[in-house]
Undergrad: 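Here it is: the structure, laid out below.
Keep in mind that the numbers below use all heavy atoms, side chains included, and drop hydrogens, waters and symmetry copies. Since this is a predicted model, take the numbers as computed values, not measurements. Here is how names work: the chains are called A, B, and so on, in the same order as the sequence lines, proteins then strands, and each is numbered from 1.
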Protein chains: 2
Amino acid sequence: MSLVDESQSDRVRDALTAAHLYYMQDLTMDAIAHELHTSRSSVSRLLSHARATGLVDIQIRSPLDAPSRLELLIQERFHITAHVVPVPDHATDVDRLERVALSVARILGQFFDSNMVMGIAWGSTMNAISRHVTPKQTHGSQIIQLNGAGNMRTTGLSYASEILGRFGYAFGAHVHQFPVPAFFDSPATKQALWRERSVSRLLEMQARMDVALFGLGSPFSEVPSHVYAGGYLEEPDYASLSRSGVVGDVATIFYRADGSTDGIPLNTRGTGPDFDVLRRTPRRLCVVSGAAKLPSLRGALKAELITDLFVDESTARALVASA
Amino acid sequence: MSLVDESQSDRVRDALTAAHLYYMQDLTMDAIAHELHTSRSSVSRLLSHARATGLVDIQIRSPLDAPSRLELLIQERFHITAHVVPVPDHATDVDRLERVALSVARILGQFFDSNMVMGIAWGSTMNAISRHVTPKQTHGSQIIQLNGAGNMRTTGLSYASEILGRFGYAFGAHVHQFPVPAFFDSPATKQALWRERSVSRLLEMQARMDVALFGLGSPFSEVPSHVYAGGYLEEPDYASLSRSGVVGDVATIFYRADGSTDGIPLNTRGTGPDFDVLRRTPRRLCVVSGAAKLPSLRGALKAELITDLFVDESTARALVASA
DNA sequence: AAGCCGGGTGAACAAACGTGCAAGGAGGGG
DNA sequence: CCCCTCCTTGCACGTTTGTTCACCCGGCTT
């Protein structure tokens, strides 16, 4: 282990030197290879490594007078910070998701630091982000799962824990899983379990998280979110959602177009944090891609669930275009 | 002007988009050119522009457990933060200076922010840095010249103001020049002028600066600094310095190997800030390259003039090697 | 001890990139 | 109105960079 450690740290040291020479002194990889007594290819790999592990941190800082027109409009209209991801109009929804996720993954480190608690939902958006998130070493930080992931067929643990694990690994954070189904069959079971100390400990932690990161579910769009495709809900559930006028969910809690949640039966069985809890979280990062989620997004904005919105360009345009 | 402004801001906007697509989404320049309806070459230029103007900010962050061994040693021995710039041992002194300067220019933005006052000396080191400093927009910030620049032949204003001007431009800071000679002929003139309100206003500003940036002068090394080559001093002055046991200067104030300054005649005629003033400045960035400055560096460390040291690798090695 | 296995290396190739150059276009002055 | 100038553009070229592949070397198994 000591040998491994040593060679690891040698590698890091070399990567740092190479990064310094490349990004601070503008040497070519060739020149660096020469100074480091190795081959140019190795330097290329060293630099890739440096970027991938967050040794090199590339940020884009708009001079504050020139954020995109769209970001300004959204800020004025909804009083949130918008990060519009440029994506060509003809891109497919899969592309959109992937590109927004990549951008978020790169920028996430700016929102998370040592000794913070970050709550994370799961789903295709979070999955995509998790696969790209660039590491940033922190200490004493915690990552906590926002809602259960089990369904009738599996405990969902492996899927959710893979996602959470990648975030935890990237930030050197302690990961707290939430080993319950996404939806309980009976509200009583939920209430019972919520009184269990192991669970209430998690809920308390959720109540004092610093950052929440989530996507939006949109039950009635053509591209249903993970929750809706994964066998978590059954026919009568959908009928009930439809009757209640639901337009979306955040971490298994549903809401209407006006942002209200009162009297939606399924919410007594969902496992995500109550919106009152969520709204007390200082920074609430919401990632949305694709126009299909527009109604869900409007509802979430009405419900004031979002402080920072990450959205692809054309969806952003659609958002401000309509009243 | 409005047309110029508009096209400027268009350019910035395009540069931001391109940077986002390139650095956050890992598209190739070709792909970006396509999305922006322009040619690949223009995208290349756009990205260069984005980097050069600080829209894209590249930082290197050592995981705090692995700063170079040298930086650690220096920190332990002298209680300052060291930034060791990797430079191959066989590099010439000119190379050394240039590469250290480049590194400092890139990192300087991390030390300077809005509403700050930065004092800047001048000389070949500062000149080299000024030619590379990457912009960072700030507001309400001030840059102030630490010491006069005139000599028997010229007022020195153009040289010093060029340097100061580049810093000021890069940070959007107000520049305050110090229109006096580097050394007065007579101490009485200095004292008289020091009582002038226009000058004392500058001195007061120096007294509350947040950052000072300076190199070291080394009067008796083979590669004399600008002050010594530029006709600022005359033969009797050198003799006097030699008699006093001077090993270096910071902004025209001389010191001995033990860091003391008392009773050095020339200091009554120099125009830089008193070391007591300097030592009250929260951050004092010193840039040194080349082993020839080692004695000066040791003296400056003894005098506790430095909080952050930027130095090339082999000079750093030499510094810790000797007791 | 021989043999496999995984990770890392440099050579060679292909892709991506930067830059000198000539052409085109907008703005300003005659 | 024309011309001159300066700035920007895209092309073409040479350079720089990423990636594939065969190879080597240390560690572990049989």
Undergrad: Starting from P on dC17(C), measure out to CZ on Arg45(B) and report it in whole angstrom.
TA: 14 Å
Undergrad: Provide, to the nearest angstrom, the distance between the CG atom belonging to Leu46(B) and the C1' atom belonging to dT19(C).
TA: 16 Å
Undergrad: Evaluate the ring planes of His83(A) and Phe310(A), with Trp represented by its six-membered ring, and classify them as parallel (under 30°), tilted (30 to 60°) or perpendicular (over 60°).
TA: parallel
Undergrad: What is the distance, rounded to the nearest whole Å, between atom NE2 of His49(A) and atom C1' of dT9(C)?
TA: 16 Å
Undergrad: Using OP1 and OP2 only, check whether a side-chain N or O of Ser44(B) sits under 4.0 Å from dC17(C).
TA: no
Undergrad: Taking only residues two or more places apart in sequence, or in another chain, which ones meet Glu35(A) in a salt bridge (charged side-chain N to carboxylate O under 4.0 Å, His left out)?
TA: Arg99(B)
Undergrad: Taking only Lys NZ, Arg NE, NH1 and NH2, and the carboxylate oxygens of Asp or Glu, determine whether Asp57(A) and Lys136(A) approach each other closer than 4.0 Å.
TA: no
Undergrad: In chain order, what residues pass the salt bridge (charged side-chain N to carboxylate O under 4.0 Å, His left out) check against Arg96(A), with sequence neighbours excluded?
TA: Asp93(A), Asp312(A)
Undergrad: When you measure from every atom of DNA chain D, which of residues 24-43 of chain A have a heavy atom less than 4.0 Å away?
TA: Thr28(A), Met29(A), Arg40(A), Ser41(A)
Undergrad: Going by distance alone, is a donor N or O of one side chain under 3.5 Å from an acceptor N or O of the other, for Tyr23(B) and Arg51(B)?
TA: yes
Undergrad: Please confirm whether the backbone N or O of Val84(B) pairs with a side-chain atom of Glu71(B), one donor and one acceptor, at under 3.5 Å?
TA: yes
